[in-house]
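Here the structure is laid out as structure tokens; the discussion comes afterwards.
In what follows, chains are A, B, ... by sequence order, proteins preceding strands, each numbered from 1. Note that the structure is predicted; figures quoted are calculated from it, not measured.
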Amino acid sequence: MSAKRRRMQLLDDQKISQEEDEVAIENEKDSVASKYFQKTKMRLPSVFYNKPCIDLAKSFLGQVLVRKLPDGTELRARIVETESYLGGEDEASHSRGGKRTERNAQMYMKPGTIYVYQIYGIYFCMNVSSQGDGAAVLLRSLEPVVGFDEMRKFRSGRRNASKPLKDKELCNGPSKLCQAFDIGKSFNCRDLASDEDIWLEAGYEVPEDNIVSCARIGIAYAGEWTHKPLRFYIKGSQYVSVRNKTAENSVTSGETNSQEDK
DNA sequence: CATCTGATGTGCT
DNA sequence: GCACATCAGATGA
């Protein structure tokens with residue numbers, strides 16, 4: 001574990017124990033199982049998701065996605081890359097032109113609703129509905145925090161398995177993270193603010209200075225929308241799917257998140 | 001590092 | 001029928 005990551009972990013622990021205290025005080029008189037505290041203390045609430053698409057895509061950076069497996073094991077990874085898909089006018093969005101079908105209905109649902117769709121027959125991508133009609137945020141890359149072995153196992157599926165994956169290869173792509181977290185179509189339509197098996201917990205806020213904004217990936221067909229800066233990632237992160245050095249250099253910040261390869 | 005290609009099947013036209 | 005918000009492996013520099 002690098003010094004950097006240790007520092008981040010410490011920051012998290014501080015935040016977590018703070019919130020723990022607050023919740024404990026709030027529920028002092030209630031005799032609710034401690035399990036309840038475990039789940040509610042860190043979970044980001046419904047109101048967190050109720051913001052405009054671009055704001056949400058940026059606020060996701062630094063937050064932690066948690067997945068509870070059937071056996072109780074919890075996987076954790078920090079969101080480091082997202083994309084905004086706006087409503088009707090966005091030619092790259094599944095909701096372009098106000099299109100609304102059975103497949104993309106979740107994009108129009110309550111902010112925080114998960115939209116999972118299958119792509120190229122074999123992969124899944126996970127989005128979260130935001131404020132705005134037909135708007136959603138695509139999760140593109142995560143930095144693994146807890147559960148490396150499980151993620152590696154879920155990811156070994158259709159590959160050679162000749163060489164073990166590096167940590168940074170576990171979740172550096174929208175479908176890779178779905179594999180690593182074992183997220184499939186059954187997660188479609190669930191609510192991140194209340195679901196038992198998946199949720200977001202407070203990590204840290206990434207300052208605007210440390211966010212790279214650039215073009216989205218894989219939407220070359222979208223005309224003028226192809227080059228709009230609707231992809232966001234933490235500057236310097238080694239866990240991002242595709243880095244854009246040009247865009248990184250135009251971000252006015254001295255600090256980066258460079259880390260050694262693993 | 002960059003670029004290319006095959007895999008694969010659902011949802012929409 | 002065809003397009004597709006991808007990935008892994010191969011190849012060349």
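At a threshold of 4.0 angstrom between heavy atoms, the contacts of A:M126 with the nucleic acid are absent. Here A:L138 lies in heavy-atom contact (under 4.0 Å) with a base.
Across the protein-nucleic acid pair, A:Y117 atom OH and B:dT8 atom P stand 20 Å apart, rounded to whole Å. Atom pair A:W225:CH2 and C:dA5:C1' shows a separation of 15 Å (rounding to whole Å applied). Look at CG on A:L177: it is 16 Å from P on C:dA5, rounded to the nearest Å.
Salt bridge present: A:E74 and A:R76 bring a charged side-chain N and a carboxylate O closer than 4.0 Å. The existence of a salt bridge linking A:E83 and A:R140 is confirmed by a sub-4.0 Å separation between a basic side-chain nitrogen and an acidic carboxylate oxygen. For A:D182 and A:R155, the salt-bridge test fails: no basic side-chain N is under 4.0 Å from an acidic carboxylate O.
A close approach under 4.0 Å does occur between a side-chain nitrogen or oxygen of A:R140 and OP1 or OP2 of C:dT6. Contact between the side-chain N/O atoms of A:R155 and the OP1/OP2 oxygens of C:dA8 is found at a separation under 4.0 Å.
Partners of A:K110 under the salt bridge (Lys or Arg N to Asp or Glu O under 4.0 Å) rule, at least two apart in sequence or in another chain, are A:D191. Taking the side-chain hydrogen bond (donor to acceptor under 3.5 Å, both in side chains) definition, one finds that A:S129 meets it with nothing, sequence neighbours left out. The salt bridge (Lys or Arg N to Asp or Glu O under 4.0 Å) search around A:E89 returns none, not counting sequence neighbours. Judged as a side chain to side chain contact (heavy atoms under 4.5 Å, CB included), and not counting sequence neighbours, the contacts of A:P45 are A:V47, A:F48. The side-chain hydrogen bond (donor to acceptor under 3.5 Å, both in side chains) check on A:D71 picks up A:T73, with sequence neighbours excluded. Shown here are the side-chain hydrogen bond (donor to acceptor under 3.5 Å, both in side chains) partners of A:D90, two or more places apart in sequence or in another chain: A:R216. Residues meeting the ring-ring contact (aromatic ring centres under 6.0 Å, His included) test with A:F124, sequence neighbours left out: none.
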Could you go through nucleotides 11-13 of chain C and list every protein N or O atom that sits under 3.5 Å from one of its N or O atoms, giving the distance for each pair?
none

Quick test: give all pairs of protein nitrogen or oxygen and nucleotides 2-4 of chain C nitrogen or oxygen below 3.5 Å, distance rounded to 0.1 Å.
none

Any N/O pairs under 3.5 Å between the protein and nucleotides 11-13 of chain B? List them or say none.
unit_1	atom_1	unit_2	atom_2	d
B:dC12	OP1	A:T101	OG1	2.3

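Of the candidates A:L139, A:V240, A:L138, A:V240 is the only one forming a side-chain contact (heavy atoms from CB on, under 4.5 Å) with A:E81.
Stem list for DNA chain C (at least 3 consecutive Watson-Crick or G-U pairs, distances under 3.5 Å): B:1-7 with C:6-12, B:9-12 with C:1-4.
Two rings, from A:Y85 and A:H94, have their centers 6.0 Å or more apart.
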Side chains of residues 56-63 of chain A: which donor-acceptor partners sit under 3.5 Å, not counting sequence neighbours?
unit_1	atom_1	unit_2	atom_2	d
A:K58	NZ	A:E208	OE2	3.0
A:S59	OG	A:D55	O	2.5
A:Q63	OE1	A:G203	N	2.9
A:Q63	NE2	A:S59	O	3.1

